[in-house]
Each structure stands twice: as C-alpha cells, then as structure tokens.
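Okay, so here's the structure we're looking at.
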Protein chains: 2
Amino acid sequence: MPSYNASAKERILDVAGEIFGEKGFKNATIRVIARAARVNIAAINYHFRDKESLYGAVLEEVFSQGFSRFPANMDLAPDADPQQRLRAFIRAMFYRLQSCEGWGGIAGRGRLIARELVDPSPAFEAILDRYIKPHRDLLLTIILDIMGTDPGPRKLMPCVLSIIGQCVYYAMASPVIRRISIDNAPTEENLDRLAEFVWLFSLGGIAKIKEETHLPSKEAV
Amino acid sequence: MPSYNASAKERILDVAGEIFGEKGFKNATIRVIARAARVNIAAINYHFRDKESLYGAVLEEVFSQGFSRFPANMDLAPDADPQQRLRAFIRAMFYRLQSCEGWGGIAGRGRLIARELVDPSPAFEAILDRYIKPHRDLLLTIILDIMGTDPGPRKLMPCVLSIIGQCVYYAMASPVIRRISIDNAPTEENLDRLAEFVWLFSLGGIAKIKEETHLPSKEAV
DNA sequence: GCCAGTTTCAAACAAATGTTTTATTCTCCT
DNA sequence: AGGAGAATAAAACATTTGTTTGAAACTGGC
C-alpha cells in the first residue's frame, strides 16, 4: 500500500481500488478519486487515459497483489495430503477476500471482485485467464486427489463451484450477512474459524458425493 | 407477467424489473425504461414519484412474486422428513433464482437480487424483514431437525450460510460460471440436477459438522 | 543557465440524466 | 353533454460527470 508520499500514479491506483470497491464503477466518480488521492482531475486522464482504463489497471493490481500475498498453498507443508491442501486453499481464499491485508472485506476491494462476478467488465476477461481459471484447475486437482477417482465432470465441476461459492458468498454478501447473522467481522480469529468450518463442510460434501456416485444402483434412469 | 395491453403502471413495473436487473440501478436510465414500456418519461415520475421509489416497488414486486411462485416447501409432501424438506428448500431456491418463470436467471431479475446482496439499497431493509429473515429461520429449523441436536450458533448459522451461499453463487456468478464451466443454462433439467447436487453436498456437510461437533475430544483448547 | 520532456493545474466543454412544468387528452360519473 | 380528475405528452431545467485544452510548474541532463 503506497504511503502518503507515494507518486501521484501510485496514490491514484491505491485510492481508486478503495473507491471502486466501495461504490462500484459507475457510482465512483473520478472527481472523488482525484480528491482522495490529492491530485488534479486531469492527472487521472494523464496517467491512465480514461476512467475505464484506470479501472482495468486497478483490477489487475488488486488480483496480482491478492494472489501473491495469499497464494492458494499458503502455510502449506510441502508433503501435505490433499485434505490439507483443500484446507489451505479455502483459508487462503477467506484471507484474500476478506482480510484487511487482502481485499479488505466489507468496505474494501473485496466487493470489487463481487461486482465483477455479478457483471464482469471488459477488463475481467484477462483476469479470468490469468487468475481465475488456473485457480479453478488447482481446486479441481485437489478434489480429484481427495476423491481418488474421477466422478465425471457432472459431479466434479459442481464440487468446485460449491466450495468456491461458499467462500465467495461470505465475502460478497457480507453487508447482508452482517444483518442476519453475527460474529462475522473479518478478524483473523473469525476468518480462521469460518475457513475451518467451510473446509469441514466441504469435506463432508465431497465424501457424500463420492459415496452417491459409487452407489449407482438406486436409480439407473 | 403483464401482457402487451396491461396498464402503463404495470408495464413500467414489469419492464423496470428486467432493466434494473440487467444493468443495475445506476446504469438503468428512466428513459430506457420508458421507451421499453412504451410510455412517456414523465409517466414514470407520475406513477412512482421518482426513480428510487420505482426501484423499491420493483424490488417488493420481484420478491413477492418469486416467493409465492416458488415457496420453500414447493412440491413437498406434508409429512416429509427434514432431509426432504431441505431438498425442497434448495430446489425452490434454484428455481426462484434462476428459472425463467422465477427471477429469470442470467439476464433477468436474478441479478437484481445479486446486486442487492453486494450492496443493499435503502429499499432492501424491508425485504430483509419480510422475506429473507423468515426464510433463514426456516432453513435453521430444517438443519436443526436433520442434526437432531443443536450444535450451537457457531456451527448452525454457518451451515445456513454455506447452503444459501451455494445456491446464490450459482445465480449471482452465472456470467463467470458460464465462462469457466459448461452445462449451466438454467433449463429445468439443469436446475434439477444442480439442486440435487447441492442437496447431497449439503447433507454430507451437515453430517460432517455434526460428527465433528460430537467429537470434541481432539483439541480442547 | 537553459531547454526538452514530464507532470500538474484551473477552466471549460459536451453529453447524459433525473426531475419538473405546462398543456393536452382521456375517462368516467352525473 | 359537461366537467372534474386522472393520465399522457413534449419540452425545458438543473446537475452531474467524463474528457479535453492550454498554460504553468517542475525535473533532469547538457
């Protein structure tokens, strides 16, 4: 995070992430961003051409930093079994999405990603290829290793989506979750606890899916 | 769904749901809504005072219709066991969120709800009390019935969120899911298949959580 | 010391957009 | 038929907002 005396370009990039995340692309105005970055309005267009390009740069910066600060194998022993790899994957996802050091939880950049999932901007296509798809593939192999056998794409991909869905939902629906639940402040303790829960829940889910897959006797429709 | 010859007010309400869902509140302009509803711009302000009130009316209408068309006990036998009640709950949620008769999946009103989860509008507060919270409480009792014993709020509420999270994620991230997965068109067959998957996955998750809860021997930190 | 290139600044521009106004048409009751 | 109230239409208004412009200030190298 750029300090108070960082260059104008860095300050803009940093502040824009916060404001885009909080307000969304359309509601965030370059005037507000400029004021928060202590910069003239024209400086934004000078350094980033236009608002949309600035947004693209922010998106790339946010993903790059998020994945390098919290890689999917965070705190993982080199010889860890697939269950522990899943645990690390989920925990990294929680920290990346919600911790202050990551995408900042409720008020911060996490919502920027949430918004992209709901309606992706043009700049998101590159993010998909560079970050999301490799991340999905990693989870795919972890699940395959846990199961031991391939249940086929009709079961495997939903496993991926169910696991990612849980992680993402906590982050993207946090404004509502805070209203219908409690204890969801993104403190380190809560993130660890929730990640642990989602891990166990998902292990149970994977086991159940595997069990049902290898009991094809019930209904051979 | 109001027919071609419905009253102007009905046409506006109907069309506004579609356009708000597709573009979001800020990006949807009353001029576009007016043209699509074959109505003068001023008619919107005449019938709904201002844009924000129109949005509030749309939100209420969307939730009211969604929950009455697909109640959480959809197709459920009166004497069903808690597992079947969970199945119906999840299936109703998928249909409500994604089917054409419901909130219309990808291009339709489903994304309106997704946007509300990410950043709720002032009008959402009432929706929370009238629809979301009772819905959450219903799921709470179902999970309690499945488990048989109360694992405490630290385990119970996350179960709710994990289940709802899976359902919502399929709907709200559908633009991205379509890109990283396949077979996710909201046809009746696919919705049934996915709901069935999420049901099994969640049953496994609940079982695992229950199992871990009643093995408190491992680490009594 | 001076100059080319870079960066910052204030002001203005043009387009979009929610809202209001005023007039006209429609509807229905007596 | 007539008229009061509801509904619709066209135009104008006031703001907001992304972008551009042209000048000023700054920076580093000769």
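Just so you know, these numbers come straight off a predicted model, no measurement behind them. Labels below follow one simple rule: chain letters A, B, ... track the order of the sequence lines, proteins then strands, and each chain is numbered from 1.
Listed by first and then second residue, the salt bridge (Lys or Arg N to Asp or Glu O under 4.0 Å) pairs involving residues 133-146 of chain B are B/Arg85-B/Asp145, B/Asp129-B/Lys133 (not counting sequence neighbours). Pairs engaging residues 41-57 of chain A under the salt bridge (Lys or Arg N to Asp or Glu O under 4.0 Å) rule: none recorded [sequence neighbours left out]. Within the structure, no pair that satisfies the salt bridge (Lys or Arg N to Asp or Glu O under 4.0 Å) test touches residues 161-170 of chain B, not counting sequence neighbours.
In this structure, A/His47 reaches the C/dT8 phosphate: one of its side-chain N or O atoms is under 4.0 Å from OP1 or OP2.
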Quick one: which protein N/O atoms are closer than 3.5 Å to N/O atoms of nucleotides 22-27 of chain C? Pair and distance per line, please.
none

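Residues satisfying the salt bridge (charged side-chain N to carboxylate O under 4.0 Å, His left out) criterion with A/Asp192, sequence neighbours excluded, are A/Arg91. Applying the ring-ring contact (aromatic ring centres under 6.0 Å, His included) test to A/Phe89 and every residue at least two apart in sequence or in another chain returns A/His135. Among residues two or more places apart in sequence or in another chain, the ring-ring contact (aromatic ring centres under 6.0 Å, His included) test is passed with B/Phe48 by none. With sequence neighbours excluded, no residue forms a ring-ring contact (aromatic ring centres under 6.0 Å, His included) with A/Tyr169. Evaluation of the side-chain contact (heavy atoms from CB on, under 4.5 Å) rule for B/Arg69 yields B/Glu101 as partners, not counting sequence neighbours. A/Tyr131 is linked by a ring-ring contact (aromatic ring centres under 6.0 Å, His included) to A/Phe63, A/Phe67, counting only residues two or more places apart in sequence or in another chain.
For the segment residues 118-126 of chain B, the set of residues with a heavy atom within less than 4.0 Å of an atom of DNA chain D is empty.
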Worksheet entry | Sugar-phosphate or base contact per nucleotide [nucleotides 9-18 of chain D; S, B, -; heavy atom under 4.0 Å] | BB-B----BB

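A donor-acceptor pair shorter than 3.5 Å can be found between the side chains of A/Glu116 and A/Ser121.
Look at CD1 on B/Ile19: it is 13 Å from P on C/dT17, rounded to the nearest Å.
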